Every structure is written in C-alpha cells, then in structure tokens.
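Structure first, then comments.
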Amino acid sequence: MLCSANKLKGFPAFCLAVLLSLSAHAQVDDEIFGPDKGTDYLLRRALAVTPEMEVQRIDIELNPSMEIARISAMAGDAQGNVYLFQRNTDYDPVIVLDPEGNVLRSFGSGLFSYPHGIRLDPQGNVWAVDAMTSRIVKFSSRGEMLLDIDLGDVPDISRIQRGAADVAFAPDGRIYVADGYANGRIVVLNAEGEQLFEWGSRGTRPGEFNLPHSLAISPDGTVYVADRENGRIQLFTAEGEYLREWQTHGRPVSIDFAPNGDLYLSAEPRSVSMRESVLVKIDPQDGRFLGKVAGFGHQLSVGGDGVLLPASLSDQVSIYRIRQE
C-alpha cells in the first residue's frame with residue numbers, strides 16, 4: 001500500500017485522500033453488504049408458513065441471440081412486451097422483446113453509467129434510472145427521449161452505486177424517486193421532471209432510510225418504500241407523512257403493485273443474497289405474506305398483463321405467470 005505505516009509521520013495529502021476514499025467505500029459497503037443482523041431467521045420463519053403460489057415460469061430466449069449481461073430491471077406492458085435494462089455495453093442498455101423473445105428494438109446507448117431501474121408509467125413511457133449518476137431518462141415506448149433529469153446531490157464517494165435506484169408514479173401524475181444508495185431520501189418530481197419536495201435521511205428511525213431500494217404507490221396514493229437495509233417497508237402519505245411500517249426482516253429488495261391492486265415483494269435473507277430469494281405476495285393493508293415462489297428480483301415489476309418480472313442480475317430472462325384459481 002502506498003500509505004504504509006512508516007510513511008505516516010508527514011502524512012502527505014495524497015495519503016489522506018486515499019484513506020478518506022477507502023473509509024467512505026467501507027462505510028457504505030458494510031451497510032449494504034453486511035452480514036445477518038440476527039433477523040434472517042424471522043424472515044425464514046414467516047416464509048415457512050407462507051403457502052406456495054401457483055405460477056408458470058417461462059424462460060425467454062432472445063431472437064436474435066444477444067450476449068446481454070446483468071439484467072438489473074425489467075418492465076412489461078399490457079401486450080406482454082418486456083423491457084430489459086442490462087449492463088453489457090456492447091448493446092443498447094434498453095432492449096424490448098415481444099412475448100416470444102423477438103427483439104423489437106433497443107435504445108439508450110451512451111446515456112447510462114450504471115443501469116439500475118426501469119419502469120413504465122401509465123401512458124406506456126419508459127423511465128430508466130442510473131444508480132451512479134442519479135440520471136433519470138424518460139423515453140417514449142419507441143425509444144425517443146422525452147426528458148433527461150439530473151437529480152443532483154450525488155455524494156462524492158468511491159462506490160459505483162451512489163445515486164437513485166427506482167421510480168414510481170402517483171395517480172396525480174407526480175413521479176417519486178427512491179434516491180437511496182447514499183442519500184437515503186425520497187424525491188418527488190412533477191410531470192415535467194422538476195423537483196417539488198423531498199423527505200428522509202439516512203438512519204433507522206421512522207421516516208429515515210438505510211437504502212430505500214424500491215418504492216410503489218397504491219391506487220389511493222399511499223407510498224410504499226422498501227427500506228432494504230433496515231429490513232422493513234415504510235408507508236407514507238403522498239406528501240411524505242409517515243404512516244406505519246412493516247418489519248419484513250432480511251432484505252426487502254423490490255416492491256410493485258399489479259394492475260389489479262395486488263402487491264408483490266422480492267425479499268431475501270441478508271446472509272445468503274441471491275441464493276434463498278423469494279417473490280412474495282403481501283397484503284397491502286397489513287403486510288402479511290399471502291403467497292411465495294422462489295426467485296430473485298433485484299427489481300421486481302408486475303407487467304401490464306399481470307406477469308411477475310424479476311430481474312435477476314444475470315443474462316436470464318424469466319417471467320412468472322400466476323395461475324388463476
């Protein structure tokens with residue numbers, strides 16, 4: 001190491017900068033990728049008595065074949081088309097497939113440093129979030145750029161992931177952003193992408209966050225935030241007033257409402273990330289687990305046709321069609 005102990009007497013400015021950078025890196029990484037906090041068993045206990053959901057898993061092969069990598073998010077429209085947000089820079093980050101896997105179009109090249117979240121708004125527009133720059137780009141469904149939003153206030157730390165993670169859409173047209181990797185806040189935008197207000201800071205108390213990784217908004221405007229590293233879902237009014245919270249334990253990774261009002265969560269124990277993950281149907285009134293299926297969703301979306309779309313941070317495109325009773 002350049003800043004070895006026998007050179008610390010003078011403590012040159014370069015060494016101080018290196019140590020501060022490493023300190024910031026360790027602080028955030030320890031909070032995001034830390035070990036079980038003693039609550040994994042509580043998540044496992046709740047899941048043990050949760051019934052299995054009847055689903056059909058469909059694995060989709062791209063045509064033509066493409067060596068995509070680390071799909072961080074997926075979204076789907078009412079026609080069954082799937083929007084991928086992926087990180088292989090040899091291809092466009094946004095790739096659109098029809099239900100059979102045929103590539104319809106792709107777009108977004110050169111716009112994103114670290115693709116993270118993608119959602120479709122009620123009008124079918126595509127919103128893509130960069131977790132490094134906190135850049136949020138709104139496209140039409142055909143890939144035309146409609147808005148380019150710089151959320152700002154990106155902390156100067158050494159991590160790649162240090163910005164926004166997810167977006168959700170309120171019934172009144174406002175856009176809610178989970179700016180979670182370093183800031184720990186929710187930012188609210190108007191339809192033109194202008195910031196209206198924000199709430200939250202890093203912490204463990206009600207209304208504070210330790211990585212708000214995902215959020216969803218109910219038909220009545222209630223904001224549900226997956227406060228990942230605090231192991232809970234927090235509920236707020238549309239204006240950011242704290243209502244209540246549900247302790248899910250482990251990691252509540254991503255959350256989304258289905259078109260019919262059902263609420264789904266991607267969750268996992270902290271100590272075995274991506275190896276013991278589940279997709280859970282939860283009661284939007286009290287947070288009870290109603291059903292489960294094995295699967296990892298870095299971002300979990302519910303398509304306009306009701307299918308579950310868990311992005312697995314791999315090259316695998318899998319959807320889960322819920323069997324109707």
Side-chain angles (χ1 to χ4, degrees), residues 55-121 124-145 148 159-161 163-167 181 213-214 253-254 256 264 266 268 273-275 277 279 293-305 307-321:
V55 301
Q56 177 190 13
R57 172 173 166 164
I58 303 170
D59 296 328
I60 298 176
E61 298 292 332
L62 274 64
N63 178 32
S65 178
M66 305 170 70
E67 294 181 1
I68 58 176
R70 294 184 64 77
I71 302 169
S72 65
M74 298 194 293
D77 62 24
Q79 291 71 46
N81 299 317
V82 178
Y83 292 70
L84 310 179
F85 204 26
Q86 63 88 38
R87 296 174 180 168
N88 184 347
T89 55
D90 291 337
Y91 302 96
D92 289 341
V94 182
I95 299 172
V96 187
L97 315 176
D98 72 10
E100 286 71 47
N102 298 307
V103 176
L104 300 177
R105 56 191 171 275
S106 64
F107 48 88
S109 178
L111 297 179
F112 302 98
S113 298
Y114 200 75
H116 194 274
I118 193 167
R119 302 285 187 186
L120 303 185
D121 68 21
N125 299 306
V126 184
W127 295 72
V129 183
D130 190 312
M132 182 176 181
T133 64
S134 273
R135 185 181 194 181
I136 303 167
V137 182
K138 175 186 178 182
F139 302 94
S140 73
S141 61
R142 304 298 304 177
E144 298 131 336
M145 184 189 294
D148 186 1
R159 281 185 47 79
I160 293 175
Q161 296 164 292
D166 197 9
V167 296
Y181 272 102
H213 192 259
S214 180
V253 180
S254 187
D256 197 22
Y264 291 91
S266 169
E268 63 182 10
S273 179
M274 300 175 67
R275 298 200 308 273
S277 305
L279 313 177
V293 62
F296 174 67
H298 171 260
Q299 179 189 284
L300 174 63
S301 296
V302 186
D305 59 351
V307 300
L308 303 184
L309 300 161
S312 61
L313 289 178
S314 71
D315 61 356
Q316 182 64 56
V317 181
S318 298
I319 67 173
Y320 295 75
R321 192 172 301 281

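Just so it is clear, the structure is predicted and the values come from calculations on it, not from any experiment. Every heavy atom of this structure was used, including side-chain atoms; hydrogens, water molecules and symmetry mates were not. Count residues from 1 along the sequence.
Counting heavy atoms from C-beta outward, S72 and L313 have side chains that approach closer than 4.5 Å. Between L309 and Y83, every side-chain heavy-atom pair lies at or beyond the 4.5 Å cut-off. Side-chain atoms of I118 and V126, non-hydrogen and from C-beta on, do get closer than 4.5 Å to each other.
The backbone N or O of L111 sits less than 3.5 Å from a side-chain atom of R135, completing a donor-acceptor pair. D130 contributes a side-chain N or O that, together with a main-chain N or O of Y114, makes up a donor-acceptor pair within less than 3.5 Å. Not a single donor-acceptor pair under 3.5 Å links the side chain of S254 to the backbone N or O of Q299.
Rounded to the nearest 0.5 Å, atoms CD (Q79) and OG (S141) are 9.0 Å apart. Rounding to the nearest 0.5 angstrom, the gap separating the CD atom in E61 from the CG atom in L97 is 11.0 Å. Atom-to-atom distance recorded for S301:OG and I319:CD1 is 12.5 Å, nearest 0.5 angstrom. To the nearest 0.5 angstrom, I68 atom CD1 is 5.5 Å from I95 atom CD1. Rounding to the nearest 0.5 Å gives a distance of 7.0 Å between CG of D256 and OG of S214. Rounding to the nearest 0.5 Å gives a distance of 8.5 Å between OH of Y91 and CD of Q86.
For A164, the side chain to side chain contact (heavy atoms under 4.5 Å, CB included) partners two or more places apart in sequence, or in a different chain, are V129, S134, L151, V177, D179. When the side chain to side chain contact (heavy atoms under 4.5 Å, CB included) test is applied to N63, the partners found at least two apart in sequence or on another chain are N102.
A pairwise comparison of heavy atoms in P93 and G108 identifies CG-O, 3.3 Å as the closest pair. The heavy-atom pair separating S140 from F107 by the smallest distance is O-CZ, 4.4 Å.
Remark: D121 does not engage R119 in a salt bridge, criterion side-chain N to carboxylate O under 4.0 Å.
Other residues, nucleotides and ligands contribute more than 12 heavy atoms inside 6.0 Å of the CG atom of L104. Annotation: R142, atom CZ; neighbour count of heavy atoms from other residues, nucleotides and ligands within 6.0 Å does not exceed 12.
Using bins of under 30°, 30° to 60° and over 60° for the plane-to-plane angle, the ring pair H298/H213 lands in the perpendicular bin.
A salt bridge (Lys or Arg N to Asp or Glu O under 4.0 Å) check over residues 73-100, counting only residues at least two apart or in different chains, returns nothing.
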